[in-house]
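Positions are given from 1 along the sequence.
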Amino acid sequence: MSDAILAQLAEVLEARKSADADSSYVATLYRKGEDAILKKVGEEAVETVLAAKENDPDHLVYETADLWFHTLVLLAHKGLGPQDVLNELSRRFGLSGLEEKAARTEQ
């Protein structure tokens, strides 16, 4: 189910690239460009960290959803999508974090 939601969201984000900025928040972000998108991802990351410190699970989930959403906007802006991230996570699955990090530094 979550894969389907991510795929649907990726389709919508792609469609927003050609939407009128007056009709869509995401289209407005695309129009403003990469720096605006990066700023939004940074803001949402900070808000997620602050929510985690509050020990309020509902607020943490809410802020994490915002962070994921804006990260997906960034990926779409760069011509990538959630499947690219899922593929990378799949590649890493079963590796220890230390093994994965060592493999990255050897490249």
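Contact check for Asp84 versus Leu75: no side-chain heavy atoms found under the 4.5 Å cut-off. Counting heavy atoms from C-beta outward, Pro82 and Leu72 have side chains that approach closer than 4.5 Å. Between Asp58 and Tyr62, the closest side-chain pair of non-hydrogen atoms is not below 4.5 Å. The closest side-chain heavy-atom distance from Thr64 to Glu44 is not below 4.5 Å.
Both Leu38 and Leu13 are assigned to one and the same hydrophobic cluster, defined by single-linkage of ILVMFWY side chains at heavy-atom distances under 4.5 Å. The hydrophobic cluster containing Val12 does not contain Val26, counting ILVMFWY residues as joined when their side-chain heavy atoms lie under 4.5 angstrom apart, directly or transitively. Taken together through direct or relayed side-chain contacts under 4.5 Å among Ile, Leu, Val, Met, Phe, Trp and Tyr, Val61 and Ile5 form parts of separate hydrophobic clusters. If you chain together hydrophobic residues whose side chains sit under 4.5 Å apart, Tyr25 and Trp68 never meet in one group.
Proximity of a side-chain donor or acceptor of Ser23 to a complementary backbone N or O of Asp20 within less than 3.5 Å is detected. A distance-only check finds no donor-acceptor pair linking the side chain of Ser24 to the backbone of Arg16 [under 3.5 Å].
Between the CD atom of Gln83 and the OG atom of Ser90 there is a distance of 9.0 Å, given to the nearest 0.5 Å. Separating the CG atom in Leu60 from the CG atom in Asn55 is a distance of 9.5 Å, to the nearest 0.5 Å. Leu6 CG to Leu86 CG: the interatomic distance, rounded to the nearest 0.5 Å, is 6.0 Å.
When hydrophobic residues (I, L, V, M, F, W, Y) are linked wherever their side-chain heavy atoms come within less than 4.5 Å, the members clustered with Leu50 are Val46.
Taking Lys78 as the reference, Glu34 meet the side-chain hydrogen bond (donor to acceptor under 3.5 Å, both in side chains) condition, with sequence neighbours excluded. Every residue two or more places apart in sequence or in another chain was checked for a side-chain hydrogen bond (donor to acceptor under 3.5 Å, both in side chains) with Lys39, and none qualifies.
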Under the side chain to side chain contact (heavy atoms under 4.5 Å, CB included) rule, what do Leu29 and His70 come out as? Steps first, then yes or no, please. CA-CA 10 Å; Leu29 279 177; His70 288 90; 3.9 Å; yes
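Ring geometry for His77 against Tyr30 counts as parallel: the plane angle stays under 30°, on a 0 to 90° scale with 60° as the upper cut.
The two residues Glu63 and Thr48 have their closest heavy-atom pair at O-OG1, 3.1 Å. Smallest separation of non-hydrogen atoms from Ala51 and His59: CB-ND1, 3.7 Å.
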